[in-house]
Number of protein chains: 2
Amino acid sequence: MAAAILVVEDEPAIRELVVLNLQQAGHRPVVADSAEQALALMRDALPDLILLDWMLPGMSGVEFARRVKADAYTKQVPIIMLTARSDEQDKITGLETGADDYITKPFSPRELNARIKAVLRRLAPQVAGNPVEMAGLRLDPSTHRVAGNDRTIELGPTEFRLLHFFMTRPERVHSRAQVLDQVWGNHVFVEDRTVDVHIRRLRRALEASGHDVLIQTVRGSGYRFSARAED
Amino acid sequence: MAAAILVVEDEPAIRELVVLNLQQAGHRPVVADSAEQALALMRDALPDLILLDWMLPGMSGVEFARRVKADAYTKQVPIIMLTARSDEQDKITGLETGADDYITKPFSPRELNARIKAVLRRLAPQVAGNPVEMAGLRLDPSTHRVAGNDRTIELGPTEFRLLHFFMTRPERVHSRAQVLDQVWGNHVFVEDRTVDVHIRRLRRALEASGHDVLIQTVRGSGYRFSARAED
DNA sequence: CGTCAATGTGACGTATTGATGACAATAAAT
DNA sequence: ATTTATTGTCATCAATACGTCACATTGACG
């Protein structure tokens, strides 16, 4: 969820406040005190999101937003505008110009973070995932259901991800390290042997329909998910 | 093709004229003389279409349209705006704000009916007015009624929208974030946990007819509405 | 057959996550 | 002006998922 956020705001006090908040929330703020400077910064590196003050000296926020949205290269970067309270017309103009959301000043840190999160979430690709089926075992990510021979199987979150990982990469041996990277995430610190335990839990859950045999141990290497007979 | 049509118009003369026309054409007109009243009416029952005068005392037609289109629950209701002749700028603003068509005053009954028919035809499949039924639980958006095994169930506005959201997307798991985006709307900022509380309230209301079991918790992912057995 | 390393398995303390009731703020109704 | 509904948040409780360990079992190899 950490993101590079370009803050375009001419008032130093508000700017610092916002920057501090963003850092607190784990983001990487980049500041510009004018629209011109912001455009220059964006030529070097595109931010994940722009926080834009609507009232700026020189080029106005409206004009800046228009340019960002007019350029094919920068067009997809979401913009949240900061407007004075009650300036209803600004909000309308802003949203029409292409801003993705707005915050009225003064705003709380909580509101700021909530809106940033919401905008980033909305624009994140919907990783839907298609149902997978193999030897009578079916897993559907969108409904979060697993069935063996049409009988529902209950799995905990980790076992579910583990099974999904195996079913989408069958017939291949995965080391414990690889499984940890893919299923747990490549930045967690967990013992290799923990994988064994979750394999055990998954096998036990699959026993009811006899699908536990699909998870094969490859001694010295790791595990393999396969519909073919063992070894 | 009979439809419930909300007429938002402050001038009594025009209002009566339009209402008569609509009745003649077999529609069911509901009137509001201000944007505020219109919003209140829409909380009770969604119309199939809104006929909106652009010049209103109090909240303007633009602002009203913007609100309707900003709320996930009402956003798909089509809007036809009524503008004074030659007010070209209004048309542009109106269409940008989300109006689906416009008619310039004065207009003939024939023109009015033709446009209504056209808009309804174009948007018919998406209109939210269709009742939904599942496992003896019935929800009718146009009358704002819910019944479990033919016994009326009382729901607050939020619980109603929540249930409607679930019933129109059964089986699929929805994260709290997705539910917030779809049921609460885009610019509201509320905690993820608030969803839990409303799920609780909805479940309690459905307990009387035993339909509370249709709302399933998918630990680590969100909630699912399903007539099939739990997990 | 015995040894050692790799894997299986049950148990346990802790951390997460969801359920629930209470509460205050706000809006609506009277 | 009061009362009533509705809503969002929080504190607390309960459920269960998680990671690690200790010990059992297995398999390869001399």
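Source: prediction; values computed, not measured. Only this structure's heavy atoms are used, side chains among them; waters, hydrogens and symmetry mates stay out. Every chain is numbered from 1 and lettered A, B, ... according to where its sequence line falls, protein lines coming before strand lines.
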Taking [atom1] from [X] and [atom2] from [N], how many angstroms apart are they, rounded to a whole number?
X	N	atom1	atom2	answer
A:Leu155	D:dT16	CG	C1'	14 Å
A:Asp192	C:dA6	CG	C1'	12 Å
A:Arg161	D:dA17	CZ	C1'	11 Å
A:Glu191	C:dA6	CD	P	14 Å
A:Leu202	C:dT9	CG	C1'	15 Å
B:Ile215	C:dA19	CD1	C1'	13 Å
A:His144	C:dT17	NE2	P	13 Å
B:Phe160	D:dT7	CZ	P	13 Å

Ignoring hydrogens, what is the shortest heavy-atom contact between [X] and [Y]? Give both atom names and the distance.
X	Y	answer
B:Pro131	B:Pro141	CA-CD, 3.8 Å
B:Thr158	B:Trp184	CG2-CZ2, 3.7 Å
A:Pro170	A:Met167	CD-O, 3.6 Å
B:Leu22	B:Pro29	CD1-CB, 3.8 Å

Next item on the list: Among B:Ile5, B:Ile50, B:Ile116, B:Leu52, find the residue that satisfies the side chain to side chain contact (heavy atoms under 4.5 Å, CB included) test when tested with B:Ile80.
Entry: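 Exactly one candidate clears the test, B:Ile116.
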Checklist line | Among B:Ile153, B:Asn149, B:Val132, side chain to side chain contact (heavy atoms under 4.5 Å, CB included) partner for B:Leu137 | finding: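 Passing option: B:Ile153.
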Phosphate-side-chain proximity, [X] and [N], N/O vs OP1/OP2 below 4.0 Å:
X	N	result
A:Thr217	C:dG8	yes
B:Thr158	D:dT6	no
B:Arg176	C:dT17	no
A:Arg193	C:dA6	no
B:Trp184	D:dT7	no

Next item on the list: Could you say whether B:Arg204 or B:Ser221 is positioned toward the 5' end of DNA chain C, judged by the nucleotide with the nearest heavy atom to each?
Entry: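 Nearest-nucleotide comparison on DNA chain C picks B:Ser221.
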Check: In residues 194-201 of chain B, which residues come under 4.0 Å of DNA chain D by heavy atom?
Finding: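 Of all residues in residues 194-201 of chain B, the ones placing a heavy atom under 4.0 Å from DNA chain D are B:Thr194, B:Val197, B:His198, B:Arg201.
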Check: What would the secondary structure line of DNA chain C be in dot-bracket form, counting Watson-Crick and G-U wobble pairs under 3.5 Å, with [ ] for pairs that cross earlier ones and | for pairs with another strand?
Finding: ||||||||||||||||||||||||||||||
Notebook entry, point to check: Looking across every strand, which nucleic acid part, if any, lies under 4.0 Å from B:Glu159 by heavy atom: base, sugar-phosphate, or nothing?
Noted result: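 Result for B:Glu159 = sugar-phosphate.
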Item checked: Sugar-phosphate, base or nothing in reach of B:Tyr223, heavy atoms under 4.0 Å ->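 Sugar-phosphate contact only.
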Note to self: For the CD atom on B:Glu154, are there more than 12 heavy atoms of other groups (residues, nucleotides or ligands in this structure) within a distance under 6.0 Å?
What the structure shows: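 Counting neighbours around CD of B:Glu154, 12 or fewer heavy atoms of other residues, nucleotides or ligands fall under 6.0 Å, so no.
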Note to self: Does A:Gln24, at its CD atom, have more than 12 non-hydrogen atoms belonging to other residues, nucleotides or ligands within less than 6.0 Å?
What the structure shows: no
Margin query: Ring-plane angle category for B:Tyr223 and B:Phe166, please: parallel below 30°, perpendicular beyond 60°, tilted otherwise.
Written below: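 Rings of B:Tyr223 and B:Phe166: perpendicular, as their planes differ by over 60°.
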Notebook entry, point to check: Would you say the side chains of B:Thr217 and B:Arg203 form a donor-acceptor pair under 3.5 Å?
Noted result: yes
Item checked: Pair of N/O donor and acceptor under 3.5 Å linking C:dT7 base with A:Arg219 side chain -> no
